[in-house]
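This report concerns only the one structure given below.
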Amino acid sequence: MRVEIWSDVACPWCYIGKARFEQGLAAFAHRDEVEVVHRSFELDPDRRPGDVIPVLDLLAQRYGRTREEAQGMEEHVAANARAEGLGYRTEGRLHGSTFDVHRLLHLAKARGRQSALLDLAYRTNFAEERSVFDERVLVELGVRVGLAESEVRAVLADPDAYADDVRADEAEAASLGATGVPFFVLDRRYGVSGGQPAEVFTQALEQAWQGRTPAPATASDTTASDTTDTAPTGADAAACGPDGACDAPA
């Protein structure tokens with residue numbers, strides 16, 4: 001069974017949701033038969049590379065809040081992250097275009113290092129005093145997960161490298177009706193949205209597994225939009241929308 005996860009490195013609920021999904025997967029009896037594929041979704045696709053803003057300033061502007069209120073919003077997300085054992089800085093973080101990060105993640109996917117790079121990029125963005133919007137940092141991260149430095153630099157220097165792959169992922173998310181991330185598609189049959197609790201992911205995996213049926217030998221290919229149903233389990237969960245807004249449910 002394949003699980004595809006649309007997410008963005010700038011999305012705190014994607015960071016938290018990945019940890020919760022992995023906990024849910026660990027409790028799933030058939031976990032060794034699950035292939036996980038990460039797909040691209042930009043929360044701020046119109047932001048130009050190099051246009052970087054402090055996260056607290058962004059939150060204050062986007063929600064019409066004071067900087068102190070924005071700090072409180074970050075503290076709320078941080079508490080959720082820390083409950084999952086994740087590091088989270090509430091001050092000094094930056095927000096910018098993640099297009100280059102996604103392109104590099106597609107290179108890592110081609111080299112079998114995608115999940116490792118995604119974990120490192122999340123940790124760098126949310127827990128460390130460095131920026132994933134700095135090309136030097138991205139080169140370092142790529143090398144740390146085993147990519148050739150020359151190849152990483154070549155991809156970052158060519159804005160067309162893996163650009164079509166990123167756009168294809170985003171177009172597919174739109175065709176599936178994904179209005180926010182993280183967004184999980186299980187076996188091209190079920191969709192689960194948001195950073196759900198770990199047990200919800202386990203239930204979703206079990207339901208998707210039980211609902212599997214062998215495809216007829218003569219069946220024609222179908223698109224994701226033809227085969228993906230609504231979320232099998234779970235209530236509304238925290239997610240980040242296409243306008244970059246990241247909310248938790250009441």
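Just the heavy atoms: all of them, side chains too, but no hydrogens, waters or symmetry mates, feed the values below. Just so we're clear, the structure is a prediction, and the values are computed from it rather than from any experiment.
- In this structure, Asn125 and His95 have side chains that are not in contact, with every pair of non-hydrogen atoms separated by 4.5 Å or more.
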Original post:
After noting the C-alpha distance and the side-chain angles of Glu69 and Tyr63, does the key distance pass the side-chain contact (heavy atoms from CB on, under 4.5 Å) rule?
Top reply: CA-CA 10 Å; Glu69 289 171 331; Tyr63 291 96; over 6 Å; no
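- Atom SG of Cys11 sits about 8.5 Å away from atom CD1 of Ile16, to the nearest 0.5 Å.
- In this structure Asp169 satisfies the salt bridge (charged side-chain N to carboxylate O under 4.0 Å, His left out) test together with Arg39, sequence neighbours excluded.
- Take Arg48 and apply the side chain to side chain donor-acceptor pair (under 3.5 Å) test, not counting sequence neighbours, and it matches no residue.
- In this structure, the separation between CZ on Phe41 and CH2 on Trp6 is 10.5 Å, given to the nearest 0.5 Å.
- Ala116 pairs by the side-chain contact (heavy atoms from CB on, under 4.5 Å) definition with Arg113, Val145, not counting sequence neighbours.
- Glu135 pairs by the salt bridge (charged side-chain N to carboxylate O under 4.0 Å, His left out) definition with nothing, not counting sequence neighbours.
- With hydrogens and angles ignored, the 3.5 Å screen pairs a side-chain donor or acceptor of Asn80 with a backbone N or O of His76.
- Applying the ring pair (Phe, Tyr, Trp, His ring centres under 6.0 Å) rule to Tyr88 yields the partners Phe126; only residues at least two apart in sequence or on another chain are considered.
- Linking Ile, Leu, Val, Met, Phe, Trp and Tyr residues whenever their side-chain heavy atoms come within less than 4.5 Å leaves Leu107 and Phe99 in two separate clusters.
- Considering only heavy atoms from C-beta on, Gln71 stays 4.5 Å or farther from Thr66 through its side chain.
- Partners of Ala148 according to the side-chain contact (heavy atoms from CB on, under 4.5 Å) rule, which considers only residues two or more places apart in sequence or in another chain, are Ser150, Glu151.
- Identified under the salt bridge (Lys or Arg N to Asp or Glu O under 4.0 Å) test for residues 85-97, with sequence neighbours left out: Glu74-Arg93.
- Sorted by first then second residue, the salt bridge (Lys or Arg N to Asp or Glu O under 4.0 Å) pairs that include residues 29-38, not counting sequence neighbours, are Arg2-Glu35.
- In the hydrophobic clustering of this structure, Leu117 groups with Val155; members are Ile, Leu, Val, Met, Phe, Trp, Tyr whose side-chain heavy atoms approach within less than 4.5 Å, directly or through other members.
- Using modelled atom types and a 3.5 Å distance limit, the side chains of His102 and Asp165 yield no donor-acceptor pair.
- To the nearest 0.5 Å, atoms CG (Leu118) and CG (Leu141) are separated by 11.0 Å.
- Under the side-chain contact (heavy atoms from CB on, under 4.5 Å) criterion, Asp57 pairs with Ile53, Pro54, Gln61, Arg67, sequence neighbours left out.
- Glu75 and Thr90 share a side-chain donor-acceptor pair at under 3.5 Å.
- Scanning for side-chain contact (heavy atoms from CB on, under 4.5 Å) contacts around Asp100 gives Arg103, Leu138, Leu156, with sequence neighbours left out.
- Scored by the ring pair (Phe, Tyr, Trp, His ring centres under 6.0 Å) test, Tyr122 finds Tyr15 as partners (sequence neighbours excluded).
- Inspection of the Ser40 and His106 side chains reveals an N or O donor paired with an N or O acceptor under 3.5 Å.
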For residues 21-28, dump all side-chain donor-acceptor pairs below 3.5 Å to protein atoms at least two apart in sequence or in another chain.
from  : atom 1 : to    : atom 2 : distance (Å)
Glu22 : OE2    : Lys18 : NZ     : 2.5
Gln23 : NE2    : Glu84 : OE1    : 2.8

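- Between Ser97 atom OG and Phe133 atom CZ the span is 8.0 Å, to the nearest 0.5 Å.
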